[in-house]
4 protein chains.
Amino acid sequence: MEETARMNDKRPIRQKRDPEATRRALLAAAIAEFADKGLAGSRVDEIAHRAGVNKQLVYHHFGNKDDLFRAALEQVYGEIRAREQSLNLADLPAVAAMERLVGFSFDHLAEHPELVALLNDENRHEARHVKSSPQIQAMHSPLVRMIDETLARGARDGVFRTDMDPINVYISIAGLAYFFFANNHTLSAIFDTNLDTAREVSRRRRHVIDFVLSALQPREVGPSPN
Amino acid sequence: MEETARMNDKRPIRQKRDPEATRRALLAAAIAEFADKGLAGSRVDEIAHRAGVNKQLVYHHFGNKDDLFRAALEQVYGEIRAREQSLNLADLPAVAAMERLVGFSFDHLAEHPELVALLNDENRHEARHVKSSPQIQAMHSPLVRMIDETLARGARDGVFRTDMDPINVYISIAGLAYFFFANNHTLSAIFDTNLDTAREVSRRRRHVIDFVLSALQPREVGPSPN
Amino acid sequence: MEETARMNDKRPIRQKRDPEATRRALLAAAIAEFADKGLAGSRVDEIAHRAGVNKQLVYHHFGNKDDLFRAALEQVYGEIRAREQSLNLADLPAVAAMERLVGFSFDHLAEHPELVALLNDENRHEARHVKSSPQIQAMHSPLVRMIDETLARGARDGVFRTDMDPINVYISIAGLAYFFFANNHTLSAIFDTNLDTAREVSRRRRHVIDFVLSALQPREVGPSPN
Amino acid sequence: MEETARMNDKRPIRQKRDPEATRRALLAAAIAEFADKGLAGSRVDEIAHRAGVNKQLVYHHFGNKDDLFRAALEQVYGEIRAREQSLNLADLPAVAAMERLVGFSFDHLAEHPELVALLNDENRHEARHVKSSPQIQAMHSPLVRMIDETLARGARDGVFRTDMDPINVYISIAGLAYFFFANNHTLSAIFDTNLDTAREVSRRRRHVIDFVLSALQPREVGPSPN
DNA sequence: GATGAATGAGACTTCATTCAT
DNA sequence: AATGAATGAAGTCTCATTCAT
């Protein structure tokens, strides 16, 4: 990818000014660089280089490094939220719906390590960029509603417990996948194994789905949740 | 936080020559700075300043920034692993032991946000420092053994499922707490609430303990784990 | 010398944007500074200052200090080799040709103390920069050929000995001048005289030409040169 | 040599304070380090390390880095001048005496690359340390006298020319060897050969002796020197 | 819109030297 | 005599951003 970009450098074809393509290239390069190095560790120079364009265009199109980071967040947040909407959970029985949601959440993180990486950094900066992005703020209410509806449906059908808070359930679903991917390297190191293999990812996926569905099951007698 | 540190600056209490105290002060300052800004975003200058010592002493005592980061990781990893050993889970019934472990894991992260922050960064660097630290490598086998024994005891007593992998269980326990703390700011922002309050932390704690113990319960008929 | 350079600083003549001039100014300043202080003793800051430009432009135009040193070597090597080619030795009788070559070699070192100084340093670094410069590697074969042809012509004409290796002859020609200039200060000090005067330089020049031509003369009975 | 020093590090035997041995070790280490890196490039820390002693002892025994450099020069100058005195040239016929002197000069440089390296640096600093060392100043008059006597004897015996200045002859003798060793790396690089082999050193040695003796021979008709 | 040159600020690190023991 | 800790100054290099074309 980078090599291609470098080779295309100076190619007369691209001389045709295509601002939209330039913008897209910069955004993709930014997401990759920010995911690799973090906000502080990323270099505007390197982002421009990855995109195959002049550094000044970063400023032309995005303003500055922080604004570019916000744009990157909007992009990756937008993707996951859009795909979640396409799951059509309402068309499925509650258990199947929940299984689909958990599976999707896991798979999306597996396929999009940049999401994990960007969120890590954004939290280090106290969600500064998210808070200043109306676009991101707007895209999250459907998610809570979706989980709430699924939980309610499952409760009505007698397959889910009735006392579950949708936000905490979402955090648990996300956390069970997120921690595995976010901390894959340290976990592999301290447990002296390699968790970054297809086999281990697949085992983890089954564990997470099983874990969530088990936890949501109604119980005869459970330990009092304090 | 930083202001406090700066105010202690030049405090007359500091003895003339106490290399061990200098080392400790630098390490504490490093943990705080790395947690705040990450490895790339941290400034050696600022670390020395927080410790109230000359910048060059960082190099005298620790070698360089990376070595200092490794020392910081060894410190925070050492603390959590040492405290886990003091839980004496073997003295408790399996369910109570598991509850204690989950509660401790949650509380430790609540009280030690620097652990979360350092691990995030360490993973960005592919666990480079952990891998080069024999000290860290050595401290983790007791943890897996502890979980494994608790799970086995619970299974023997009929209170836990029998098919749980201890490493995956550990990752779930840690992940349920970790994600909440690591992503507290973005979660608060996107869900338009404040999850950084005593009330919400406490709710989350109950949820996590409940979630784990429910998931570990033996089931009459469970959903097929895919 | 340095003072002069500093006084030219900020001269209004310098055009606003002339990258080629900037490059040239930096290169000239680098040659002067490296000659004065050596590679290790030179300061990038001072080079930029001498060139009347911003320090960062060194990195912009040359990469780093070592690359700049290599560029300086390429420059000074290029000059002497180019001028040697202009001597047109082939147009002269062998003895006159040799006299011209020896005289030129002496004069060039006299006029270019920076060449002596840079070569000293380059040898300290085991010719690291020369070895990594294809440009320098390429410019030396004509030199050996030129000496070889002159020696052969002289031998054919009966005015030169027939057993002389051109590389050793070149090293002798260069060495007789080089040592005088390279060690002028210590020689002046230990012999309690001043060898850095026009008179002494001129005496040395005659001595060297005489020495070389005498040594090259065919002999009735000489010590067997093995 | 360096390895040995490092391995002896921490040896309990040396605990016995032996200031004279410490001084010698530091001086030897300094000569090696200055030869390797030059005055500017050498590190006091590294010299102490090579000597297996604490850095502060450099200051204790020698004052500072410059004084140490002067001591190093005194040492290497002292050695060559002392050995020259032992040549007993007066006991030999003029030609044999000259051959012995040239051979010795060549061999000494071959065996003492540190002399070449230190002189290079000393000249860069305009013989500052030599000039401030009465010890070095004092040791050079016998050398000129020695050469002058040998030349005079050879002239009297009809085997040497009569018009040779002893200082210029000394500079030629030294220069023919010095340049070969001082510039061995760059010469090897530009002539695309390896002049740092026993074979090439030996060839050069013969060339130099031959060259000097030929040049000193009386001539029937020589080219007019100038 | 697009580019390479230029810059002010500052980052990490080094180093000769001095201090306290 | 000998040591490790400590420091002020400075050195190489980086980087987000702006300028001139």
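Chain identifiers are assigned alphabetically (A, B, ...) following the order of the sequence lines, protein sequences preceding nucleic acid strands; residue numbering begins at 1 within each chain. Basis for what follows: all heavy atoms, side chains included, without hydrogens, waters or symmetry-related copies.
Judged by distance alone, with hydrogens and angles left aside, C:Asp45 brings no side-chain donor or acceptor close enough to the base of F:dG11 to form a pair under 3.5 Å. Side-chain N/O atoms of A:Lys55 and base N/O atoms of F:dT17 include a donor-acceptor pair closer than 3.5 Å.
Proximity of A:Arg43 to the phosphate of F:dA16: a side-chain N or O atom is located under 4.0 Å from OP1 or OP2. A close approach under 4.0 Å does not occur between any side-chain nitrogen or oxygen of B:Thr22 and OP1 or OP2 of F:dA5. OP1 or OP2 of E:dA2 has not a single side-chain nitrogen or oxygen of A:Asn54 nearer than 4.0 Å.
Per the geometry, CD belonging to D:Gln56 stands 16 Å off P belonging to F:dT7, to the nearest Å. At whole-Å resolution of the value, CG in C:Leu57 and P in F:dT14 are 14 Å apart. Distance CD (B:Glu33) to C1' (E:dC12): 14 Å, rounded to an integer number of Å. For the pair C:Phe69 CZ and F:dC13 C1', the computed distance is 19 Å after rounding to whole Å. The CD atom of B:Glu46 sits 9 Å away from the P atom of E:dA11 (whole-angstrom rounding). Look at NZ on B:Lys37: it is 13 Å from C1' on E:dA11, rounded to the nearest Å. Atom-to-atom, CZ of B:Arg23 to P of F:dG4 comes out at 16 Å; the value is rounded to the nearest Å. Between the P atom of E:dG4 and the CG atom of C:Asp18 lies a distance of 17 Å, rounded to the nearest Å.
Panel note: side chain A:Asn123, backbone A:Leu119; a donor-acceptor pair is recorded below 3.5 Å. Between the side chain of C:Thr22 and the backbone N or O of C:Asp18 there is at least one donor-acceptor pair closer than 3.5 Å. Side-chain atoms of B:Asp121 do not come within 3.5 Å of backbone N or O of B:Gly38 as any donor-acceptor pair.
The heavy-atom pair separating B:Glu122 from B:Val130 by the smallest distance is OE2-N, 2.7 Å. For the residue pair D:Ala51 and D:Ala25, the shortest heavy atom distance occurs at CB-O, 3.6 Å.
For the strand DNA chain F, secondary-structure stems (runs of at least three Watson-Crick or G-U pairs, all distances below 3.5 Å) span E:2-21 with F:2-21.
Near DNA chain E, meaning a heavy atom under 4.0 Å away, the residues from residues 60-68 of chain B are B:Asn64, B:Lys65.
The residues B:Asp36 and A:Arg124 are annotated as not salt-bridged, no charged nitrogen and carboxylate oxygen being separated by less than 4.0 angstrom. A salt bridge links C:Arg50 to C:Glu33: at least one charged side-chain nitrogen sits closer than 4.0 Å to a carboxylate oxygen.
B:Arg70 contributes atom CZ, which lies 15.0 Å from atom CD of B:Gln75 (distance to the nearest 0.5 angstrom). Going from atom NZ of B:Lys65 over to atom OH of B:Tyr59 covers 8.0 Å, rounded to the nearest 0.5 Å.
The side chain of D:Tyr59 has E:dT17 as its nearest neighbour among E:dT17, F:dT3, F:dT17.
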